[in-house]
Amino acid sequence: MNNNEHIIEVQDLTRTFGAFTAVDHITFHVNKGEIFGFLGANGAGKTTAMKMLSGLLLPTSGKASVAGFDVFTQTEKIKKSIGYMSQKFSLYDDLSVLENIEFFGGIYGLKKQDLHIAKDLLLSKLGMEDQARSLVSSLPLGWKQKLSFSIAMIHKPVLIFLDEPTGGVDPITRRQFWEMIYDAAQEGTTIFVTTHYMDEAEYCDRVSIMVDGKIAALDKPANLKEQFEAESMDEVFYKLARGAKRGDG
Amino acid sequence: MSIEIKNISHSYSKGTIQALKDVSLSIKPGERFGIIGPDGAGKTSLFRILTTLLLADNGSAVVCGYDVVKDYKAIRSICGYMPGKFSLYYDLSIQENLNFFARVFGTSFEANRHLVEEIYVQLEPFKDRPAGKLSGGMKQKLALCCALIHEPKVLFLDEPTTGVDPVSRREFWDMLDRLKSRNITILVSTPYMDEASRCDRIALMQDGKILAVDSLEGIIANYDKKLWSVKTQHTNAVLKKLKIHPEVASSIPFGDSIHIRMKNQLATFEDVRITMANMDDSLTVAPLVPEIEDVFMDLMSAQ
């Protein structure tokens, strides 16, 4: 588990809840700087796996390291090294844009001066200078998502987890969001992303598909399409997940 | 008409947020009508007005001949409504929820069981399980059953597939297919553009406004701009070049290809092929039948 090129290294990782095995001996790795798509049907075990990799949930067995830290013993170090954003939990609605930036910057231990620079850079990059003092609740969803992505990156993490970041977002903003993902990847941040939009799976360097707690397939989108004799990732997904036995809990 | 919406407008927060801007629509009896648009388009506000849960600032709406303001009681008894958020009783079992909703509408589950039989058989093995302990797909099935159990004339489904994986989405639409013979008018909203193909007609909605209303085929046929598909191994790098290319009007990533429109609409396949080859000779170009998302984005940008 000392491969420096692998920012995530997972071996036989398992998590059970009572008699139920949510994640069942998964083994895979994520390369440094890659955009890794983590797909699966509702209830396949994606959320449980992501929680373990982000240091929020202890695995039952197996091994895993994230950004060089062990998921059993170094969860606090993992949390400091990663960024996390999801559609469900992102920002504080009743704080302004600026207050959210300051709050999360503070949480991640940015120094006052650094935070000041980061703040201005972030606002100008997003073109949101005029909205700095608006409450987050007043922003359209697409803006919120772009803002929460930028805030999740404020401490320059080596790795960011994006949990359905584009759900319900309009098609133009959805693509702008992916441009931000690409730019972040180009600057060296590793992206670990889940989505229900199968066209977005095509934008990933590699994609894994979880079915019933196991990784049923993992490869470049082009190879997966070839392997499953499918025209699109939608078809690949359908062929794999159709046979799933369980729904989400 | 089953639903007639005339010039409906609605705003929130003392008029600062315009959720609906002069919306008019006519939906025929037995039609499966899709309202397609992203979060914040105004879909839920429209549903709440039609189900008499919200009073519009302006305009009028009639459901099965009943006015949404004057005849709200009559409408409530003929409508089935599945809100975007799961709204059944978590601590009641599947069976108790169904009994409850049947009784609220003055009927019984046993009397109307045939209406939901096909979906119910999938729930029956778990009928004593509390609704709160069901999987997402099962909750969805139960919510649909509860909305159907009083034999509604109109069914309102507000984003039934949001956040649901592609396989379960397909299964949900298959379930709706089986209702077709029953001649219920179904108004359904979704942020997923690909679900347009499962509706008889659709309205594209954005920012409180209806951008277009037609069948999917009609909407595509009406789109008069020529598009080309460009394929490459290096989508991001090629996109950056296309964005600043003087002859390219727009370039939008679509999964494993990029959809482009040339400034010169009369450009032939050969013209486009040469232009692209000059930019990067590893590209492949093909003519393209527009997708619903192409049309939606074009209409969005025109606003």
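For clarity, every value in this text was computed on a predicted model and none was experimentally measured. To find a chain, count down the sequence lines: A is the first, B the second, and so on, and within it residues start at 1.
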**Q** Does any backbone or side-chain atom of A/Tyr203 lie under 4.5 Å from a heavy atom of chain B? Answer side chain, backbone, both or neither.
**A** side chain
**Q** Identify which of A/Glu202, A/Glu164, A/Arg175 forms the greatest number of heavy-atom pairs closer than 4.5 Å to chain B.
**A** A/Arg175
**Q** Looking at B/Gly40, B/Pro166, B/Pro191, which one has more heavy-atom pairs under 4.5 Å with chain A than the rest?
**A** B/Pro166
**Q** Please classify the contact between B/Lys43 and chain A as side chain, backbone, both or neither, with a heavy-atom cut-off of under 4.5 Å.
**A** neither
**Q** Could you tell me whether A/Glu200 and A/Arg174 make a salt bridge, using a distance below 4.0 angstrom between a side-chain N and a carboxylate O?
**A** yes
**Q** Need one label for A/Leu141: side chain, backbone, both or neither, based on atoms under 4.5 Å from any heavy atom in chain B.
**A** side chain
**Q** Looking at B/Met300, B/Glu171, B/Arg170, which makes the most heavy-atom pairs under 4.5 Å with chain A?
**A** B/Arg170
**Q** More than 12 heavy atoms of other residues, nucleotides or ligands under 6.0 Å from NZ of B/Lys240: yes or no?
**A** yes
**Q** Are A/Lys46 and A/Phe38 in a cation-pi contact, defined as NZ or CZ under 6.0 Å from the six-membered ring centre and within 45° of the axis?
**A** no
**Q** Answer with side chain, backbone, both or neither: which region of B/Ser168 has an atom nearer than 4.5 Å to a non-hydrogen atom of chain A?
**A** side chain
**Q** What part of A/Pro140 gets closer than 4.5 Å to chain B, counting heavy atoms only: side chain, backbone, both or neither?
**A** neither
**Q** For the interface with chain A, which of B/Thr235, B/Val164, B/Thr162 has the highest count of heavy-atom pairs at distances below 4.5 Å?
**A** B/Val164
**Q** With no hydrogens and no angle check, just 3.5 Å: does a side-chain donor-acceptor pair link B/Glu159 and B/Thr190?
**A** no
**Q** Could you check whether B/Ser45 and B/Tyr12, counting side-chain N and O atoms only, form a donor-acceptor pair closer than 3.5 Å?
**A** yes
**Q** Would you mind checking which part of B/Gln206 comes under 4.5 Å of any heavy atom in chain A, side chain (CB onward), backbone (N, CA, C, O), both or neither?
**A** side chain
**Q** Using a 4.5 angstrom heavy-atom cutoff, name the option from B/Gly37, B/Ser301, B/Gly163, B/Ser13 with the most pairs to chain A.
**A** B/Gly163
**Q** Check each atom of B/Phe254 against the heavy atoms of chain A and say whether the ones under 4.5 Å are side chain, backbone, both or neither.
**A** both
**Q** Ion pair present between A/Arg206 and A/Glu34, side-chain N to carboxylate O less than 4.0 angstrom?
**A** yes
**Q** Would you kindly say whether B/Ser9 and B/Asp57 are connected by a side-chain donor-acceptor distance under 3.5 Å?
**A** no
**Q** Less than 4.5 Å to any heavy atom of chain B: does that hold for the side chain of A/Asp183, its backbone, both, or neither?
**A** side chain
**Q** Is any NZ, NE, NH1 or NH2 atom of the basic residue among B/Lys85 and B/Asp158 found under 4.0 Å from an Asp or Glu carboxylate oxygen of the other?
**A** no
**Q** If I measure from the heavy atoms of chain A, does B/Met193 come under 4.5 Å with its side chain, its backbone, both, or neither?
**A** side chain
**Q** Is it true that A/Arg15 and A/Asp24 have a side-chain N and a carboxylate O under 4.0 angstrom from each other?
**A** no
